[in-house]
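Predicted model only: the values in this text are computed from it and were never measured. What you see below is based on every heavy atom in this structure, not just the backbone, and it leaves out hydrogens, waters and symmetry mates. The chains referred to below are lettered A, B, ... by the order of the sequence lines, with proteins before strands, and numbering in each begins at 1.
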Number of protein chains: 2
Amino acid sequence: MFNDLDPLLHSQLRLAVMSLLISVESAEFTFLKEKTNSTAGNLSVQLDKLSEAGYIRVEKSFRGKKPLTTCSITKKGIKAFEDYVNNLKQYINK
Amino acid sequence: MFNDLDPLLHSQLRLAVMSLLISVESAEFTFLKEKTNSTAGNLSVQLDKLSEAGYIRVEKSFRGKKPLTTCSITKKGIKAFEDYVNNLKQYINK
DNA sequence: ATAAACTGGTTTATATTATAAACCAAAATA
DNA sequence: TATTTTGGTTTATAATATAAACCAGTTTAT
């Protein structure tokens, strides 16, 4: 009846991040921070979790002299997101 | 862009309970326990939270000699569930 | 009749999570 | 050169989810 929801994705901030990343090639930390309306600290932690799960790729570089963190979704991440959405439908389509 | 998701509903077990209750007049504790595959303790706690929020009504009676807990969704609960589902769509419709 | 197991839960403790606050290095600005 | 801003990370705290322990009463087996 109710499939389990991937706990990693069943989190408002991480889900918002994945939702953004799934429709772009890559996104910068500051872009994600602004779009999700999150604090930098919280975002940093959640990106780590998604990254450790292999759902996203996080690349650190520099733009000019400033640090630049760029994120992109992985194949595994896309699959996980799609599965999550499918499972979720069992809960919300009465 | 992303509306906040009601934290009370953004919980696998509570969401499953609401999902069940929205399509029936009322449901017994044991029915909810079985359908959601939850432990009694966890279910008990989560029903309390939904009840305190005014999202469900919990009635305690007896069937024969055994205690019987019966739950039903309230108007407020229906509204909250519908709002939650609508907000959620922003996250999952890329 | 009495012990053992089961029903229908609640309460309490613990692990996990989310979030905020504090911090840091470097760069830009006043 | 002091102050603020940028772009974050780390650490501490609050909130949540979950499991484990418990409880009152009932049924079943001995």
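Shown here for Ser19(B) and Ile22(B), the closest heavy-atom pair between the two residues is O-CG2, 3.4 Å. The shortest non-hydrogen separation linking Met18(A) to Ile56(A) is SD-CG2, 3.8 Å.
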Kindly give the atom pairs (protein nitrogen or oxygen, nucleotide nitrogen or oxygen) under 3.5 Å for nucleotides 9-13 of chain D.
from, atom 1, to, atom 2, distance (Å)
dT9(D), OP1, Lys60(A), NZ, 2.4
dT9(D), OP2, Ser44(A), OG, 2.4

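Each of Lys65(A) and Leu13(A) was assigned the nucleotide of DNA chain C with the nearest heavy atom; the assignment lying further toward the 5' end belongs to Leu13(A). Taking for each of Gln46(A) and Arg63(B) the nucleotide of DNA chain C with the nearest heavy atom, the 5'-most of the two is the partner of Arg63(B).
Both Leu9(A) and Ile78(A) belong to a single network of hydrophobic side chains, linked directly or stepwise wherever heavy atoms of I, L, V, M, F, W or Y lie under 4.5 Å apart.
The distance between atom CG of Asp6(B) and atom C1' of dT16(D), rounded to the nearest whole Å, is 14 Å. In this entry the distance linking CZ of Arg14(B) with P of dT17(C) reads 15 Å, nearest Å. A straight line from CG of Leu68(A) to C1' of dA27(C) spans 15 Å, rounded to a whole angstrom. Counting to the nearest Å, the P atom of dT17(C) and the NE2 atom of His10(A) are 13 Å from each other. A straight line from CZ of Phe62(B) to P of dT7(C) spans 17 Å, rounded to a whole angstrom. Atom pair Glu28(B):CD and dT7(C):C1' shows a separation of 13 Å (rounding to whole Å applied). In this entry the distance linking CG of Leu9(A) with C1' of dA18(C) reads 16 Å, nearest Å. The distance between atom CD of Gln12(B) and atom P of dT16(D), rounded to the nearest whole Å, is 17 Å.
Between the side chain of Thr74(A) and the backbone N or O of Gly54(A) there is at least one donor-acceptor pair closer than 3.5 Å.
Shown are Val17(A), Asp6(A), Leu21(A), Ile73(A); of these, the side chain to side chain contact (heavy atoms under 4.5 Å, CB included) with Tyr55(A) is made only by Asp6(A).
Nucleic acid contact class of Ser38(B) (heavy atoms, under 4.0 Å, all strands): none.
Nearest nucleotide to the Thr30(B) side chain, out of dG9(C), dG7(D), dT18(D): dG9(C). In the set dA28(C), dA19(D), dT17(C), the nucleotide with an atom closest to the side chain of Lys66(A) is dA28(C).
Distances shorter than 4.0 Å separate none of the side-chain N or O atoms of Thr39(A) from OP1 or OP2 on dT19(C).
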- side chain to side chain contact (heavy atoms under 4.5 Å, CB included) between Tyr91(A) and Leu88(B): does it pass, once the steps are laid out? CA-CA 12 Å; Tyr91(A) 293 76; Leu88(B) 196 57; over 6 Å; no

- Message: Walk me through whether Leu47(B) and Phe29(B) qualify under side chain to side chain contact (heavy atoms under 4.5 Å, CB included).
- Response: CA-CA 9 Å; Leu47(B) 289 179; Phe29(B) 186 95; 3.6 Å; yes

